[in-house]
Number of protein chains: 2
Amino acid sequence: MTVSITDVARAAGVSASTVSRALRGQPGVSDEVRAQITAVAAQLGYTASRSASSLASGRTYTIGVVVPYIGRWFFGTVLDAAEKVFSAAGYDVLLYNLNSPEARKRFFTKLPVRKRVDAVLSLLIPDLDEESALRSLGVPLATTVGGPRDGFTVVGIDDHSGATSAVRHLVNLGHRRIGMISGASEPLHWTTPIDRRQAYLDVLAEAGIAHEPALEADGGYTVDGGERAMTELLAVSRPPTAVFAQSDEMAMGALRALRRHRLKVPDDVSVVGFDDHELAEVIGLTTVAQPVPEQGAEAARLLLRRLEEPDAEPVGQVRMPIRLVLRETTAPPSPHRSS
Amino acid sequence: MTVSITDVARAAGVSASTVSRALRGQPGVSDEVRAQITAVAAQLGYTASRSASSLASGRTYTIGVVVPYIGRWFFGTVLDAAEKVFSAAGYDVLLYNLNSPEARKRFFTKLPVRKRVDAVLSLLIPDLDEESALRSLGVPLATTVGGPRDGFTVVGIDDHSGATSAVRHLVNLGHRRIGMISGASEPLHWTTPIDRRQAYLDVLAEAGIAHEPALEADGGYTVDGGERAMTELLAVSRPPTAVFAQSDEMAMGALRALRRHRLKVPDDVSVVGFDDHELAEVIGLTTVAQPVPEQGAEAARLLLRRLEEPDAEPVGQVRMPIRLVLRETTAPPSPHRSS
DNA sequence: CTGTTAGCGCGTTCAT
DNA sequence: ATGAACGCGCTAACAG
């Protein structure tokens, strides 16, 4: 039925070991024999069984990638870029989509990647237990978000400085009542929302603006959540004239809420997002751009390097550049609304 | 180092086969022995090596999923839903992201899934050669787009009727000059753009409107392409008063082009999309909604059923319902512009 | 109900 | 440069 290495060996008139060596480009095979074997293998449509070869060699040539939710643009884009790097290097990708607490728990207790992968790239932030579960795999690890963590190569951005530039932009335009839509509800070990919030607080303080807790609302990193959060912010006694959303998706939700309230953007309310989502430009959203595919690609490359050069000192953390992109959702506050 | 089945067997004072049987829930093991083995295995942190077990059993408990481009919302969403079904059933997902001609070619010539998966779900439309390459794997196959194909379970929508409702909507509003932004440039075996275009032609004919080739433009299924296509359509001598975009992403590009031309939507030009993209509602885009995650989940379920009941007659094709969602980008043509 | 015996298909010695 | 023998960790068939 399926053609095995001995079939090729027989057809080529050599031994199985020679076929193995020839096909993997190892030395110790004469050029003519190698060419012959390659031809026979191609003709028979032979592919080595990954199961058998990894059982024999210990190498799986497979990378486990853990994602919190593929459907979200950010993760899809990172994954896309990372997969490209892995597959170009001859590695397969085993995908684990942990978008529910059950899926997440099942993954970390059963650890189906054990003995199945050469390395793990996690796009979700593991908590302390999950972190040590991953470490117990004994393979190189990488993450694309959050702060530095033991044993992991972390590729990310400087959230604080990104958020700083967003909020400062609003301050510079003359806004004094600046709201924030955050996404802090989730795991505690995720520093991103914390850093971005801290930047918000820091810029307000630096501008001499008193912080009002009522101007903060949680949008849970979704469009719908952003809409709800904006609605909340519009319900306070003196609503903000500008809003910093910690993600573009929440910013888009905010825009929808504003439209429903018949408020003009940016005339009545300015909005800044974070990410530079693929559709941010379509909408004309001012935002903080981060290099999303680049982060995935870089994390993948660093992981592969750790596999290829096990003895080299692993890279602990990489910070990618961010930049503010000015578009059409921010403007100075209109005179009759500013304080 | 890593704990194997014999370690567990020794620690539990039984043979390896008993451990194997006990852990896989097979009959022929007394309850007490099974409980004992389970406990020992848990304590040792034992997980069976997938490589070894699939080599021995022939089953891999892995599904290969082929995607043209994960970053695109549609595919990300389908994949998300499918993965959920697979992992809940105890299957792992091997992901192949074929977003470049080279990646695609490499995949279909080397077929890295050979002997590695129990089934394949392809979200891209294979051409005839690719189709037979997949069939040569000898495993159940499924697709989530396109027409029926031999040996594949196809889960999709009725593209013709979806597009019909979109174009008819424009006709009913009173439009006579209706443009189309298509995405036909890619593989020939993909029936979606063909069906949607045919519907466009049919509705025009049925309404007694002459077809003008100049009112069709290619948007390549991307936002940028949609923008270029719309720009082309605006450059013809008598531009359309309404446009049917074959995907929401192209419709969004069209909206951007219209805004750059200072044209009002829907006052000057109406736009209908196709898909009901996550952000379509944010933008207020009128569109044809298709059940995206449902298609992925259903395809996954049908594939698993074929694995579990190999003798049952496989389902050939499933058509999911579509519906027109009216929002804010369509309206009757304004008097001074309509013909 | 349990243990023994054989492979699954390859990579890897060690000879030659 | 090539082949023979062994083992990776597990499951399956056969005994008992």
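Values reported hereafter were calculated over all heavy atoms of this structure, with side chains retained and with hydrogens, waters and symmetry mates removed. Labels below follow one simple rule: chain letters A, B, ... track the order of the sequence lines, proteins then strands, and each chain is numbered from 1. This is a predicted model, so every value here is computed, not measured.
- Every salt bridge (Lys or Arg N to Asp or Glu O under 4.0 Å) that A/Arg301 has, sequence neighbours left out, goes to A/Glu298.
- Extent of DNA chain C lying under 4.0 Å from chain B heavy atoms, first and last nucleotide in 5' to 3' order, is C/dC1 to C/dC10.
- Spacing between atom CG of B/Leu44 and atom C1' of D/dG9 amounts to 15 Å, rounded to whole angstrom units.
- Among residues at least two apart or in separate chains, there is no ring-ring contact (aromatic ring centres under 6.0 Å, His included) pair with a member in residues 112-131 of chain B.
- Under the side-chain hydrogen bond (donor to acceptor under 3.5 Å, both in side chains) criterion, A/Arg305 pairs with no residue, sequence neighbours left out.
- The ring-ring contact (aromatic ring centres under 6.0 Å, His included) check on A/Tyr69 picks up nothing, with sequence neighbours excluded.
- A/Val65 is not listed as a side-chain neighbour of A/Leu94, based on a closest heavy-atom distance of 4.5 Å or more.
- Within the structure, ring-ring contact (aromatic ring centres under 6.0 Å, His included) contacts touching residues 31-66 of chain A (residues at least two apart or in different chains) are A/Tyr61-A/Tyr91.
- Shown here are the side-chain hydrogen bond (donor to acceptor under 3.5 Å, both in side chains) partners of B/Arg306, two or more places apart in sequence or in another chain: B/Thr153.
- Every residue two or more places apart in sequence or in another chain that forms a ring-ring contact (aromatic ring centres under 6.0 Å, His included) with A/Phe107 is listed here: A/Tyr96.
- Note on the helix from C/dC1-D/dG16 to C/dT16-D/dA1: terminal axis deviation equals 30°, with five pairs used at each end and the result rounded to 10°.
- Of the two residues contacting DNA chain C, namely B/Leu55 and B/Pro27, the nearest-nucleotide position lying further toward the 5' end is that of B/Pro27.
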| field | Protein proximity profile, nucleotides 10-16 of chain D - base contact B, sugar-phosphate-only contact S, no contact -, cut-off 4.0 Å on heavy atoms | value | BSBB---
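- As rounded to whole Å, 11 Å separates atom P of D/dA1 from atom CD of A/Glu32.
- Among residues two or more places apart in sequence or in another chain, the salt bridge (Lys or Arg N to Asp or Glu O under 4.0 Å) test is passed with B/Arg114 by none.
- Taking A/Glu131 as the reference, A/Arg135, A/Arg149 meet the side-chain hydrogen bond (donor to acceptor under 3.5 Å, both in side chains) condition, with sequence neighbours excluded.
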